[in-house]
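Whatever order the structure lists them in is the order used to number ligands and atoms, beginning at 1. All figures in this text were calculated on a predicted structure; none of them were measured in a lab. Both backbone and side-chain heavy atoms feed into the values below; hydrogens, waters and symmetry mates do not.
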Amino acid sequence: MRQGILVRYGEVGLKGQLRGHFEKALQKEILRATGVDPRAVRRTSGRIWIWPEEGKIPEVLRAVTRVFGVVSASPVLEVEAEWEAILQGALRVAQRVRARGARTFKVEARRSGKSFPMTSPEIAREAGGVLARELHWPVDIHAPEATVTIEVREKAYVFSEVVPGPGGLPQGTGGKGMLLLSGGIDSPVAGWLAARRGLFPIPVYFHTPPFTTVWSWEKVKDIVEVLAGWMGPLPLYTVPFTAISQGIFAKGPERLGTILMRRFMVRVAGKLAEREGAGALITGENLGQVASQTLESMAAVEEASPLMILRPLLTWDKAEITAKAREIGTYPISIRPYLDCCNVFLPRHPVTRPSLEEVLRAEAQLPVADWVEEALQQVERKEIAPPLG
Ligand code: ATP
Ligand code: MG
């Protein structure tokens, strides 16, 4: 008898080569996240089994249910495919769930192959009867509070607890994107959602000291750390943005300030994307949230971008974004009250429907290429590790 973890993954639509690629990437991510010995991980019949060292089950279970691509995981007991051993295993698992307060239960059974002498319904009925008697536990076939599952193959497996994972696709299967990360609530969620589809987000923060302080940077770094807890170490790019912001507000029409700043951001991020081999930019923009997030404003910014801009949150409601931020763990950091450059350099009367011509005219007065080049020369890249524990 041994204890392990059964990992389920989805995306059944993935076929052929794509599926093999997905499975390899998933296995690699599981090894990274759990730190278990590669020999302790096996893949059979569309599922992954982990057999960690004694006592490590809770830790490994926690880690594996944060891996993108994992639909759910269960602590599982492996026993010999013999009736007595199966009953003993089922009792052990059942006792644990029962102790947690489930008032009713049922047994589900699956048998693959015909070598075991009982059919699946027989296994379920017989084992259910034994558990009910031994534990004085009422069976409820239709709406049980717990389900004890028995699977009989070469060996037999018993489990009950099913812990959901984030789903999605494994890290790296969708390439890389530069994540414009501001320290607000939205952009970390946007990065997480991209990552969940396998698009590895590389955070870029535009920093405007002394208007934004070291605490603003710390805040962004802490957010990246939480994201790294989901996806492993992440590089954080910090771009000094004070000179550009001041230049824009000194030379351009104030009401276009935010849009002009954003156009510089996407240009710089586009250049960093070349260095990193990233194929897109990702922002936390959300339709209609502020003046700079109308269709016209977004179009006026996008026109300056060498890459497509992905906006995973475009159509989300604020309450949905906030709920997701809490789930991911970035929310408490995002609401720390430090300033972002876009709040410091905020036009008093921003345009909501800029015309591209007007924007281009204003920008023609600015030394665009020089400013981008200067900013790029001062960029810093720092590897951010996941939080400990
Ligand atoms: P967030 O909560 O992500 O800060 P927001 O609702 O405050 O978003 P804006 O401040 O208008 O919206 O920013 C829109 C998007 O522009 C952000 O989601 C982010 O992707 C990008 N952005 C804004 N400021 C910065 C910055 N200082 N550094 C990097 N990206 C930024
Ligand atoms: Mg913001």
Q) For Val152, which fellow cluster members are found when Ile, Leu, Val, Met, Phe, Trp and Tyr are connected by side-chain heavy-atom distances below 4.5 angstrom, either directly or through intermediates? A) Met1, Leu77, Val79, Trp83, Ile86, Leu87, Leu91, Val93, Val97, Phe105, Val107, Phe116, Met118, Ile123, Val130, Leu131, Leu135, Trp137, Val139, Ile141, Val148, Ile150, Val158
Report, one line per pair, each donor and acceptor closer than 3.5 Å where one atom sits in a side chain of residues 225-239; sequence neighbours left out.
unit_1, atom_1, unit_2, atom_2, d
Trp230, NE1, Ile328, O, 3.1
Tyr237, OH, Glu276, OE2, 2.6
Tyr237, OH, Arg381, NE, 3.3
Thr238, OG1, Trp217, NE1, 2.8

Q.
Which residue in the set Val204, Ile282, Ile202 passes side-chain contact (heavy atoms from CB on, under 4.5 Å) when paired with Leu179?
A. Ile282
Q: Check whether any N or O atom of Gly183, backbone or side chain, sits under 3.5 Å from an N or O atom of ligand 1, and answer yes or no.
A: no
**Q.** Short N or O distance, Leu180 and ligand 1, threshold 3.5 Å exclusive
**A.** yes
Q) What part of Thr208, side chain from CB on, backbone N/CA/C/O, both or neither, has a heavy atom under 4.0 Å from ligand 1? A) neither
Q. Heavy-atom distance under 4.5 Å between the side chains of Arg42 and Thr44, does that happen here?
A. yes
Q) Should the pair Arg262 and Phe241 be classed as cation-pi, given the thresholds of under 6.0 Å to the six-membered ring centre and 45° from the axis? A) no
Q | Atoms of ligand 1, numbered as shown, that sit under 4.0 Å from any heavy atom of Gly184 | A | 1 (P), 2 (O), 4 (O)
(Q) Please check whether Lys318 reaches ligand 1 - meaning an N/O of the residue sits under 3.5 Å from an N/O of the ligand, judged on distance alone. (A) no
Q. What atoms of ligand 1 come within less than 4.0 Å of a heavy atom belonging to Ile185?
A. 2 (O)
Q: Would you mind running through ligand 1 and noting each atom that sits below 4.0 Å from a heavy atom of Thr283?
A: 20 (O)
**Q.** Contact atoms of ligand 1, heavy-atom distance to Leu181 under 4.0 Å
**A.** 28 (N), 29 (C), 30 (N)
Q) Any N or O on Asp186 sitting closer than 3.5 Å to an N or O of ligand 1? A) yes
Q.
Would you say Glu285 and Thr283 are linked by a side-chain donor-acceptor pair, where the criterion is simply a distance under 3.5 Å?
A. yes
Q.
Please determine whether any non-hydrogen atom of Arg262 lies less than 4.0 Å from an atom of ligand 1.
A. yes
Q.
Side chain, backbone, both or neither: which applies to Met265 and ligand 1 if a contact is any heavy-atom pair less than 4.0 Å apart?
A. side chain
Q.
Out of Arg311, Gln293, Glu285, who is nearest to atom 12 (O) of ligand 1 when you count heavy atoms only?
A. Gln293
Q) Side chain, backbone, both or neither: which part of Leu179 has a heavy atom under 4.0 Å from ligand 1? A) neither
Q. Quick check: does any side chain N or O of Arg125 sit under 3.5 Å from a backbone N or O of Ser120, one acting as donor and the other as acceptor?
A. no
Q: For Val204, take its heavy atoms, then give the atoms of ligand 1 lying under 4.0 Å from any of them.
A: 29 (C)
(Q) Quick check against the 3.5 Å criterion: does Ser74 have a side-chain atom that pairs as donor or acceptor with the backbone of Phe159? (A) no
Q: Could you tell me whether Phe206 and ligand 1 have an N or O pair separated by under 3.5 Å?
A: yes
Q) Heavy atoms, side chains only, cut-off 4.5 Å: are Thr149 and Glu151 in contact? A) yes
Q) What is the ring orientation for Trp49 with Trp51, classed by angle as parallel under 30°, tilted 30 to 60°, or perpendicular over 60°? A) parallel
